[in-house]
Amino acid sequence: MKIFHTADWHLGKLVQGVYMTEDQHYILQQFMQAIDEEKPDVIIIAGDLYDRSMPPIEAVNLLNDIVAEVVLEKKIPVLAVAGNHDSAGRVNFGSSLMSDSGLHIKGQFTKDHAPIVLHDANGEVHFHLVPYAEPASVRTILDDDSIRSHQDAMEKIIDHIVQSMDTTKRNVFVGHAFVTKYGEEEANTSDSERPLSIGGSDCINATLFKPFNYTALGHLHKAHFVLNDTIRYAGSPLKYSLSEHLHEKGFLIVELDAQGDLAVTKRKLVPRRDLRVVEGLMDDLLKLSPSDDYVFVRLTDTTSVASPMERIRTVFPHAMHVERKALRQEVQHEIQAVETEKVEDIDLLRSFFKDIIGEQPDQDTEHLFTEMLQELLDEERETVK
């Protein structure tokens with residue numbers, strides 16, 4: 001079975017005040033061309049279809065047009081899950097009706113789990129769709145008070161799936177989460193992606209996904225495998241922040257043989273305008289050939305430069321940001337100094353208890369404190385959406 005694995009489209013994305021919808025339309029047309037050339041059996045979109053829970057109408061129309069063409073005209077099934085940027089309820093709306101047409105979309109996690117079963121010349125392939133869900137939601141749905149973290153939630157979800165999973169078939173997991181090699185805390189690969197929780201508790205151990213022949217993930221914007229080549233992030237199709245300027249964007253073509261073994265290749269996508277960094281003296285930059293790329297400019301001038309953006313845009317009309325490199329380095333040093341002295345939230349709680357009560361908080365109190373902070377983070381995330 002030939003699978004296209006893509007994720008993190010973030011339709012409706014706003015980068016430095018610029019709506020990326022035209023760029024997203026451009027890149028998705030390349031994706032559609034690749035579908036015509038490669039003729040996949042199924043397309044996976046592993047979350048963050050939209051950039052926020054209430055996307056602009058242009059973004060909704062773009063997704064509708066792409067999915068309708070793939071499912072209704074090209075007759076290729078699309079399997080999608082909601083990500084942390086999506087509105088679970090909106091993405092889930094009408095999913096049971098659309099499944100008859102070949103669009104299988106899972107917006108909300110539910111206790112009742114049934115895989116999507118597709119067929120190729122070698123038999124059945126079972127796809128297990130798991131949308132992003134907060135640990136508190138999973139705890140309530142599964143009625144399991146032991147679930148406190150994203151790791152706990154995913155462990156219980158997979159245990160729940162495995163109980164009824166047909167291991168004689170090939171099984172593919174589709175999810176949206178922050179998965180690391182052994183659940184250790186790692187830095188995100190993109191500034192444009194929001195943290196899922198506080199204190200690194202959003203990280204999930206990749207070993208949980210051993211029951212599956214392939215795990216198609218979304219959330220991290222850089223394409224890479226985790227632990228082994230059966231657990232992969234496709235990355236985003238476009239660069240959405242300065243931190244992504246060195247990423248090579250595209251999607252994954254996964255070929256699953258009769259035994260469930262894989263062959264994975266990456267197909268690159270070429271943007272309408274690249275997002276890149278340009279560095280140098282103002283006078284030297286003004287002598288460069290004009291470019292329509294989205295550029296972040298770092299001036300190496302040691303003295304102040306008058307009207308830098310206006311001057312830069314005579315060469316780079318779509319410049320997104322201009323800064324002096326020396327000033328940036330000073331700011332970074334200040335941030336590092338602050339972070340070195342920063343006390344973790346849980347340490348503040350323990351210090352408070354010690355000073356006021358004379359003893360350390362018990363484990364239940366620390367859990368309650370962490371849950372309250374998580375709720376505040378979730379509320380903030382919804383406000384930003």
Side-chain angles (χ1 to χ4, degrees), residues 1-8 40-48 79-84 106 109 113 115-116 118 125-133 135 138 149-162 165-167 169-190 193 196-197 200-237 247-257 259-267:
M1 179 170 286
K2 182 181 286 188
I3 302 167
F4 273 18
H5 172 197
T6 181
D8 297 284
D41 297 298
V42 60
I43 293 168
I44 290 172
I45 311 175
D48 281 354
L79 311 182
V81 297
N84 60 299
K106 186 82 170 180
F109 174 72
H113 175 80
I116 306 301
L118 301 180
V125 180
H126 293 198
F127 293 84
H128 304 271
L129 308 188
V130 178
Y132 173 79
V138 179
S149 67
H150 286 270
Q151 168 71 16
D152 296 338
M154 187 61 73
E155 186 173 359
K156 296 297 183 179
I157 289 171
I158 291 177
D159 285 346
H160 187 65
I161 291 172
V162 169
M165 190 169 77
D166 187 347
T167 57
K169 310 299 183 184
R170 293 163 291 169
N171 289 274
V172 176
F173 183 98
V174 181
H176 191 90
F178 194 166
V179 178
T180 61
K181 196 171 183 180
Y182 296 111
E184 70 278 18
E185 184 178 355
E186 289 184 2
N188 203 323
T189 56
S190 171
E193 188 48 69
L196 300 180
S197 63
S201 59
D202 52 355
C203 297
I204 293 171
N205 192 328
T207 60
L208 293 180
F209 301 96
K210 286 183 178 179
F212 306 97
N213 296 100
Y214 183 68
T215 298
L217 295 171
H219 181 58
L220 300 183
H221 288 190
K222 183 177 181 180
H224 65 286
F225 70 85
V226 187
L227 191 62
N228 59 64
D229 60 5
T230 69
I231 306 168
R232 288 183 175 267
Y233 283 95
S236 58
H247 292 188
E248 289 187 340
K249 299 299 187 178
F251 63 95
L252 301 179
I253 301 175
V254 182
E255 297 191 63
L256 193 64
D257 69 13
Q259 289 72 43
D261 295 326
L262 301 169
V264 182
T265 57
K266 180 177 179 179
R267 179 152 174 166

My understanding is that only residues two or more places apart in sequence, or in another chain, count here; which of them pass side-chain hydrogen bond (donor to acceptor under 3.5 Å, both in side chains) with [X]?
{"X": "Lys249", "value": "Ser236, Glu244, His247"}
{"X": "Arg232", "value": "none"}
{"X": "Thr6", "value": "Trp9"}

side-chain contact (heavy atoms from CB on, under 4.5 Å) partners for [X], two or more places apart:
{"X": "Lys210", "answer": "Thr207"}
{"X": "Ala82", "answer": "Asp86, Val91, Pro131"}
{"X": "Asp261", "answer": "Asp257, Gln259"}

(message) If we ignore hydrogens and angles and just use 3.5 Å, is the side chain of Tyr233 paired with the main-chain N or O of Val179 as donor and acceptor?
(response) yes
(message) With a 6.0 Å cut-off on the ring centroids, do His219 and Tyr132 count as close?
(response) no
(message) Please report whether the ring centroid of Phe251 lies less than 6.0 Å from that of His5.
(response) no
(message) With rounding to the nearest 0.5 angstrom, report the OG1 to CD1 distance, Thr180 to Ile204.
(response) 8.5 Å
(request) Kindly check if the number of other-residue, nucleotide or ligand heavy atoms within 6.0 Å of NZ (Lys266) is above 12? (result) yes
(request) Check whether more than 12 heavy atoms from other residues, nucleotides or ligands sit under 6.0 Å from atom NZ of Lys2, and answer yes or no. (result) yes
(message) I'd like to check Val130 versus Val81 (side-chain heavy atoms, cut-off strictly below 4.5 Å). Are they in contact?
(response) no
